[in-house]
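Report on the following structure.
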Amino acid sequence: MRKNLFNVGALMRGFSTTFSYMFKKMPTIQYPSVKKQHAPRFHGLHELRRYDDGKERCIGCELCAIACPANAITVIGAENTPEDRRSPGERYAARYEIDELRCIFCGLCEEACPTDAIVLTPRFEMADYRRGAFVYAKDRLLVPPEAGTGTPPDERPNGIPADLGGVMRAKDTVDIAEGYDATNRGHILRTQRRGLAALRQTQDEPR
Amino acid sequence: MSVSAIPIWIVVLIKSAVVLGVVITTFAYSMLAERKVMGWMQLRPGPNRVGPWGLLQPAADAVKMIFKEDLTPDTADPLIYRLAPFISLICAMGVFAIIPFSASADGTLWSVGNVNAGILFIFAIGSIGVYGISLAGWASGSKFPLLGSVRSTAQMISYELSMTMSVIGVLILTGSTALGDIVNAQLRLWFVIPQIIGFLIYVITAVAETNRAPFDLVEAETELVGGFHTEYSGLRFGLFFIAEYLNMITVSCLATLLFLGGWNSPIPGLPSGGFVGLGWFILKAAAFLFFYIWLRSTLPRFRYDRLMDFGWKVLLPVATLNLILTAVAVAVWPTHA
Ligand code: SF4
Ligand code: SF4
């Protein structure tokens with residue numbers, strides 16, 4: 001006991017360590033105002049894509065629902081009619097719901113989809129107050145027509161960019177409040193696509 | 001002066017209000033400073049959301065404390081349970097009545113009251129403050145608070161002895177128990193130099209007396225949930241919290257007065273006294289408070305038996321030795337004092 005108590009050298013080492021740490025750079029990212037750039041293949045909230053002509057890609061085949069290990073997807077298909085043609089195929093998804101609380105973000109639905117309709121975006125800010133709010137239906141999954149077609153997974157930049165640890169400044173990032181606002185969804189998607197396109201460019205340059 | 005025309009009780013009332021206001025503000029911001037500094041030492045920014053740089057955090061905490069439910073356990077002794085936080089707080093505040101923060105050129109002390117037996121008064125009040133903690137744990141009617149209060153009683157008694165012993169060296173050198181005399185005696189040489197052993201013992205025991213890490217066995221959240229204040233919530237918990245920080249400020253002020261030359265400037269020749277002296281005083285006390293925080297983020301908590309061992313088998317003998325040496329030195333070279 002005496003030996004430990006009077007080990008002044010060790011005490012001094014401890015004190016100097018804590019003191020010097022006061023002046024070290026903190027790894028903290030001031031999250032809501034500053035956001036970290038995620039990996040390009042990040043698996044976040046899903047989206048249902050469209051074709052260039054605005055038609056839905058989903059043909060209501062339910063392959064994603066079968067592939068899903070978490071039973072998170074519900075698809076109820078319906079026949080397209082000449083008057084109401086939603087997708088190029090015979091069928092479309094009349095109802096398409098993903099329970100994001102069940103989802104494990106494995107991306108198997110994306111793999112299974114024959115038309116690249118369902119993809120996982122890098123969005124992750126989905127917090128809400130009610131459980132029911134986590135069941136995302138077509139109104140929130142489907143890319144709004146004015147927002148384009150959505151980004152296909154294989155067009156997202158591959159690999160982990162060098163600036164993965166980099167910090168985006170507050171003004172370059174999407175406001176968190178807008179993330180909840182469905183009416184701003186197009187804006188978010190555009191911003192994200194711009195960010196991804198910029199990333200892709202920086203990756204392609206050296207080659 | 002026209003000041004003498006004002007009735008003394010009004011003067012004291014105004015002085016008390018000023019001191020209390022300053023002390024409570026100091027409490028609020030020493031708490032913020034602790035969270036900030038501890039954060040930096042652990043590579044965190046600390047509170048920074050409420051107000052610029054987190055400066056309004058204490059206000060937010062106060063509002064939270066006030067609106068929290070004030071629970072009294074069924075098994076508690078209701079009167080003592082409710083009384084205990086006030087004992088702690090009143091004793092912690094009472095001490096500030098006689099602490100001089102500076103002195104005017106004519107030697108008037110800047111304190112609410114000037115008591116000749118100043119240092120004795122402080123120790124007496126401080127000892128009563130222990131009742132707050134002991135009774136809180138006792139009256140909570142639950143086992144962890146009880147353990148905490150038993151610990152506090154034992155710890156306070158063991159460390160108070162050494163603390164008083166370490167201070168007596170200073171009293172011998174000064175030949176007075178008035179805080180003003182003690183500071184004036186340090187005009188040429190701070191007592192931290194002749195009384196270095198006393199100072200070290202004072203620093204260690206002061207940490208133990210205020211139940212701060214690494215001597216916070218009274219709270220010891222890893223073993224005793226929250227120690228003596230486990231059952232307390234809301235404003236009553238807040239009162240204990242205030243008392244703890246006020247005690248910290250008190251011992252920092254005392255260390256400044258007894259060992260670090262009070263409001264005297266560190267380099268002879270620079271102005272001391274007056275507002276400059278107040279600045280010196282605050283600087284020294286703040287440095288001591290910083291040391292407290294530094295200590296907390298560096299050292300792990302003592303084991304209880306080691307705490308007792310250390311108090312009785314190391315600190316007390318060394319403090320006694322220091323006391324005897326000082327007494328002999330003063331007897332042999334009386335002019336030294
Ligand atoms: S990501 Fe995986 S768990 Fe989530 S919906 Fe798709 S397949 Fe199911
Ligand atoms: S998202 Fe793809 S896999 Fe799922 S139902 Fe539509 S087309 Fe089929």
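Sequence lines set the chain letters: A, B, ... in the order given, protein chains first and strands last, and positions in each chain run from 1. Just so it is clear, the values below take in all heavy atoms, side chains as well, and ignore hydrogens, waters and symmetry mates.
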Problem - Between CE on residue Met22(A) and CG on residue Leu43(B), distance to nearest 0.5 Å - result: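 Result: 11.5 Å between the selected atoms.
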Completion exercise
Here the gap from Thr298(B) atom OG1 to Arg13(A) atom CZ, rounded to the nearest 0.5 Å, amounts to 13.0 Å
Practice task
For Phe15(A) and Leu299(B), run side-chain contact (heavy atoms from CB on, under 4.5 Å): C-alpha distance rounded to whole Å, both residues' side-chain angles, the deciding distance at 0.1 Å, then the answer.
Solution key: CA-CA 8 Å; Phe15(A) 277 109; Leu299(B) 297 182; 4.3 Å; yes
Exercise for the section: Of all the heavy-atom pairs spanning Thr18(A) and Met41(B), show the shortest one and how long it is. Expected result: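 Where Thr18(A) meets Met41(B) most closely, the heavy atoms are O-CG, 3.3 Å.
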Practice task
For the residue pair Phe19(A) and Trp294(B), establish whether any side-chain heavy-atom pair is separated by less than 4.5 Å.
Solution key: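 Result yes, sub-4.5 Å side-chain heavy-atom pair found.
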Problem - Tyr51(A), OH atom: more than 12 neighbouring heavy atoms under 6.0 Å - result: yes
